[in-house]
Amino acid sequence: MLTAEQNEFFTRVGAGSPMGDLLRRYWHAVAPWNVLEERTTYPTRVLGEDLVLFKDKSGRVGLLADHCSHRGASLRYGRVEERGIACAYHGWLYDCEGNVIETPVESNDAIMTSVKHTAYPVQQSAGLYWAYMGPLPAPALPRFDLWVRKDGVRRIVVTQRLDCNWFQVVENMTDVWHSAILHQDSQGRSEPNSTRGSVDEIDHIECWATSYGIMKRHYYKAGWTREHPMLFPNILEVGNCHQINVPVDDEHTNRIRVYFDPTPDGAIVEDEGPIPVIYERPRKDPPDGVHPFTTFNWESNDHQDAMAWETQGLIADRTKEHLGGSDRWIVWMREMFKDNAERVREGHDPFAVIRDPDHGPIDTGFQEQVDSMRRRGLAGRDSAREYAGV
C-alpha cells in the first residue's frame, strides 16, 4: 500500500505537481479533427487547465487558456478572425501563440507587448489534435506505426468521460491478470468460471521496458502468446487499437480510441479521406452519475474496465490496498513514473521523449497484429469493426 503522501504524488496533475510536470513533457490528444468543422471554438480541459481550441480564418489552429488576460471572460465565445481569436467582451485579439495583437479600446500599445497569454503548440496526427503543454522547445510528436502506416484506414471512437483519476486507468495497463477474471465472458470461452476465469490457462506473464514504454506478454499453456504494448505515459495498444487516456483533471479522464483497419491484400491507401469519428453511447445509467449512484452496463471490455476504475472512487485510496505477488508489475510501473518525475525535476527529458522531428515510424510490433487480421479474414473496415466490437 501507499502512504497518503505517495498517493498524492501519483494522482495530482496540476502544474507544479510531480506528475503534472512529468505529463507536460508529452503530447496529449485534446480532440478529434472534426470538432472545428461545424463550430469556431471548442472548449476542453486538460491537466486541470481550461482551454479553448480554435482555427483562425487563415487556417491556423491554436490552443489558448480559456480566460482572457484582460478581465477573465471566456474565449469560448470569442470571435475567430483572420489573425486569431478576439475576446467577445472587449475585443482583445490573440494569435495562435498567445500574443496580444490588438486592443481596440486601449490607447496604450505597450499593453500588447507586456501581456503574453497562455498558449500551447498544436499538431494533428491520426485524426486527432495533439497539444504540448510543457516547456519549450517541444519534443517531436511520436510517429507510432498505427498512426502513420498507409496499408489501411483509421477510425476514431470517442468514449464517455471517465469519472476517475488518470492513474487508475494507467495502472490497468500493467494489471496483467485482471483480463483473465474481469473479461472472461468476452473471451469466447464455452464455460466461463466466475471465480477463476481463464487464470488456469495462463502459464506466466512478463513485462519489460522498451524504447517507447512497456511490453506486456501473456504466455498460455496451449503454446501461444498475447502482447499488449503500453506507450508511455498513457496509451495502450490492444489489437488494432490505441486507447489514449488523457487526464482532464485530478478526478476525470478522457479516453479516445484510434483503430487501424488494414486492407485485406495490403494495398496502399493513398488518400484516406476524412477519418470517421464515432461517439460511443453512454456506459452508465444515468450517464452523468458517479458510483454508487449509477449503474454500469456490461457489454464490452471497455465498459467492464470503466466499472473497475470508477468504483475505486474519483481518486483511489491506495492507503487501503493490499497488494500481492500478482501486482508486482504495477509496483514496477509506479517506480518507473516516480523515477521519471525525478528526471524532470533534475532538468532532464523523461523516458520515451523524442527530439528528432524526422524520426521514422516507431515499431511496437503492430505488424504482427495486421498480419494476423489478414490471415483470419478480419481485414477491411466492415470486418474490422465487427472484430473490435464497434
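Keep in mind that what you see is a predicted model, and the values were worked out from it rather than measured. Because only heavy atoms are used, hydrogens play no part in the values below, and waters and symmetry mates are left out as well, while side chains stay in.
Under a cut-off of 6.0 angstrom, the local environment of OH in Y89 is sparse, with at most 12 non-hydrogen atoms contributed by other residues, nucleotides or ligands. The number of heavy atoms from other shown groups lying within 6.0 Å of CD (E5) does not exceed 12. More than 12 heavy-atom neighbours from other residues, nucleotides or ligands sit within 6.0 angstrom of CD on E346.
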### Task
Verify side chain to side chain contact (heavy atoms under 4.5 Å, CB included) between Q367 and R149, making sure each step is shown before the conclusion.
CA-CA 10 Å; Q367 183 63 48; R149 60 186 303 144; 2.7 Å; yes
#### Entry: Pair I111-V100, side chain to side chain contact (heavy atoms under 4.5 Å, CB included): steps then yes or no
CA-CA 8 Å; I111 198 168; V100 183; 5.7 Å; no
### Query
How far apart are the C-alpha atoms of D250 and R12, what are their side-chain angles, what is the distance that settles it, and do they pass the salt bridge (charged side-chain N to carboxylate O under 4.0 Å, His left out) test?
CA-CA 6 Å; D250 292 341; R12 301 303 179 183; 3.0 Å; yes
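Between the side chain of H90 and the main chain of A88, no donor-acceptor pair closer than 3.5 Å is present. In this structure a side-chain-to-backbone donor-acceptor pair under 3.5 Å is present from T294 to P286. Between the Q6 side chain and the T3 main chain, a donor and an acceptor come within less than 3.5 Å of each other. S17 contributes a side-chain N or O that, together with a main-chain N or O of G20, makes up a donor-acceptor pair within less than 3.5 Å. Within the 3.5 Å criterion, the main-chain N or O of V176 finds a donor-acceptor partner in the side chain of H218. In this structure, D327 contributes its side chain and G324 its backbone to a donor-acceptor pair below 3.5 Å. A side-chain donor-acceptor contact under 3.5 Å links N234 to the backbone of N245. Q184 places a side-chain N or O within donor-acceptor distance of the main-chain N or O of I181, the cut-off being under 3.5 Å. Here the side chain of D163 pairs no donor or acceptor atom with the backbone of E310 at under 3.5 angstrom. In this structure a side-chain-to-backbone donor-acceptor pair under 3.5 Å is present from D249 to H252.
The shortest heavy-atom contact between I85 and L75 is CD1-O, 3.4 Å. Summarising the geometry of G239 relative to F366, their closest heavy-atom pair is O-CE1, 3.5 Å, with the distance given to 0.1 Å. When all heavy atoms of V13 and G48 are compared, the pair lying nearest together is CG2-N, 4.4 Å. The heavy-atom pair separating A352 from Y212 by the smallest distance is CB-O, 3.8 Å. The shortest non-hydrogen separation linking L146 to R154 is O-NH1, 2.7 Å. Between D21 and G16 the shortest heavy-atom distance is OD1-N, 2.9 Å.
Side-chain polar atoms of D66 and S74 form a donor-acceptor pair below 3.5 angstrom. A donor and an acceptor atom, one from each side chain of H117 and S69, are located under 3.5 Å apart. No side-chain donor from either of D302 and S300 sits under 3.5 Å from a side-chain acceptor of the other. Between the side chains of N297 and R283, no donor-acceptor pair of N or O atoms lies under 3.5 Å. N99 and K116 form a side-chain donor-acceptor contact under 3.5 Å, judged by distance and modelled atom types alone.
Residues M173 and I214 have side chains not in contact (no heavy-atom distance under 4.5 Å, counting atoms from C-beta outward). When side chains are defined from C-beta on, R76 does not count as touching R39, because their heavy atoms never get closer than 4.5 Å.
Between R45 and D50 there is a salt bridge, since a side-chain N of the basic residue sits under 4.0 Å from a carboxylate O of the acidic one. Salt-bridge formation is not detected for the pair D203/K221: no Lys NZ or Arg NE/NH1/NH2 atom is positioned less than 4.0 Å from an Asp or Glu carboxylate oxygen. Using a 4.0 Å cut-off between charged side-chain N and carboxylate O, R334 and E171 make a salt bridge. Salt bridge R217/E227: present, at least one basic N to carboxylate O contact under 4.0 Å.
Checking D265, D261, D151 one by one against R374, the salt bridge (charged side-chain N to carboxylate O under 4.0 Å, His left out) holds for a single residue, D151. Under the ring-ring contact (aromatic ring centres under 6.0 Å, His included) test applied with F337, the options F167, F351, F10, W332 reduce to a single match, F167. The ring-ring contact (aromatic ring centres under 6.0 Å, His included) test with H204 singles out one residue from W177, W329, Y219, and that residue is Y219.
D285 meets the side-chain hydrogen bond (donor to acceptor under 3.5 Å, both in side chains) test with no other residue; sequence neighbours excluded.
Ring geometry for H242 against W147 counts as perpendicular: the plane angle is over 60°, on a 0 to 90° scale with 30° as the lower cut.
Between K216 atom NZ and T174 atom OG1 the span is 7.0 Å, to the nearest 0.5 Å. Between the CD atom in Q168 and the CD atom in Q312 there is a gap of 4.5 Å [rounded to 0.5 Å]. Taken to the nearest 0.5 Å, the SG atom of C87 stands 11.5 Å off from the NE2 atom of H67. Separating the CD atom in E82 from the CZ atom in R60 is a distance of 10.5 Å, to the nearest 0.5 Å. Between the CG atom of L22 and the CZ atom of F232 there is a distance of 5.5 Å, given to the nearest 0.5 Å. Rounded to the nearest 0.5 Å, atoms CG (L231) and CD1 (I244) are 9.0 Å apart.
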Could you give the side-chain donor-acceptor pairs of residues 127-143 under 3.5 Å, partners two or more places apart or in another chain?
| from | atom 1 | to | atom 2 | distance (Å) |
| --- | --- | --- | --- | --- |
| W130 | NE1 | S125 | O | 3.1 |
| Y132 | OH | P135 | O | 2.8 |
| R143 | NH1 | H359 | O | 3.2 |

